[in-house]
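Worksheet: the structure to be examined is printed underneath.
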Amino acid sequence: MRALTARSSYAALAAFLAGDAVASAVPVPYVAKNMDAMRIPAEVRWAVPVAKAATALGLAAVFRFPAVARLTTGLLALYFAGALGIHLRVRNRIANIVPAVLLLMVFAAMTIQGPHPTGGGVRAVEP
């Protein structure tokens, strides 16, 4: 659990989501095909990269505003719960469902634990 709540993990996931936002904005053919399979209407697809970019910023805030990062992980857990629901509704392939499940579990655990107050993932010792 310590690895999940380390500030460096928040930063790594922020970088991942920023890259995912770019892949969704372009869109990369695989991402566009997946959005087609999930029946996401073309007129609302612009919101997906915007949401991912906003959450990347929220996760990166862990260094200055840990409460914002924790709120962001909670919102990401809700996002991936919704994504899981959509994947299941359209009977998407298991290979596309597994990442949503894993990310839902990761962000839910991060929300419950919250970020560590120190950079390395080990709580500071109280005097």
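For clarity, every value in this text was computed on a predicted model and none was experimentally measured.
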Donor-acceptor pairs are to be reported for all side-chain atoms of residues 59-68 against protein atoms at under 3.5 Å, with residues two or more places apart or in another chain.
none

When you group the ILVMFWY residues by side-chain heavy-atom contacts below 4.5 Å and let the links chain together, are [Y] and [X] in the same group?
| X | Y | result |
| --- | --- | --- |
| Val31 | Val98 | yes |
| Val50 | Leu57 | no |
| Leu103 | Leu78 | no |

Ring pair (Phe, Tyr, Trp, His ring centres under 6.0 Å) partners for Phe80, two or more places apart: Phe107

query: Is Thr72 close to Tyr79 at the side-chain level, that is, under 4.5 Å between some pair of heavy atoms?
result: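 When only atoms from C-beta onward are counted, Thr72 and Tyr79 do not touch, as no gap falls below 4.5 Å.
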
query: Is there side-chain contact between Leu4 and Ser9, with at least one heavy-atom pair below 4.5 Å?
result: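 Answer no - side chains too far apart.
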
Excluding sequence neighbours, so at least two apart, what forms side-chain contact (heavy atoms from CB on, under 4.5 Å) with [X]?
| X | result |
| --- | --- |
| Pro41 | Glu43, Val44 |
| Ala56 | Leu17, Ala18 |
| Met38 | Asn34, Ile40, Ile86, His87, Val90, Asn92 |
| Leu71 | Leu75 |

query: Should we say atom CZ of Arg89 is surrounded by more than 12 heavy atoms from elsewhere, each under 6.0 Å from it?
result: yes

message: By the salt bridge (Lys or Arg N to Asp or Glu O under 4.0 Å) test, which pairs, at least two apart or in different chains, include something from residues 23-32?
response: none

query: Which residue pairs pass the salt bridge (Lys or Arg N to Asp or Glu O under 4.0 Å) test when at least one of the two sits in residues 21-30, sequence neighbours left out?
result: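 For residues 21-30, and leaving out neighbouring residues, there are no salt bridge (Lys or Arg N to Asp or Glu O under 4.0 Å) pairs at all.
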
All pairs passing ring-ring contact (aromatic ring centres under 6.0 Å, His included) where residues 9-47 contributes a residue, at least two apart: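 Passing the test, one end in residues 9-47: no pairs.
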
task: Heavy atoms only: give me the nearest Ser24-Val48 pair and the separation to one decimal.
output: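 Reported closest heavy-atom pair: OG-CG1, 4.0 Å.
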
- prompt: Which atom names give the shortest non-hydrogen contact between Ala21 and Pro49, and what distance separates them?
  reply: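 Between these two residues, the closest heavy atoms are O-CB, 3.3 Å.
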
query: Sequence neighbours excluded, which residues qualify as side-chain hydrogen bond (donor to acceptor under 3.5 Å, both in side chains) partners of Thr55?
result: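 Expected list: none.
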
field: Residues which pass side-chain hydrogen bond (donor to acceptor under 3.5 Å, both in side chains) with Thr111, listed by chain and number, not counting sequence neighbours
entry: Thr73

message: Quick check for you: to the nearest 0.5 Å, what is the distance between Met110 atom CE and Arg70 atom CZ?
response: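 The CZ atom of Arg70 is 11.0 Å from CE of Met110, to the nearest 0.5 Å.
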
- prompt: Which side-chain hydrogen bond (donor to acceptor under 3.5 Å, both in side chains) pairs, counting each pair once, include a residue from residues 11-20, with sequence neighbours left out?
  reply: Asp20-Lys52

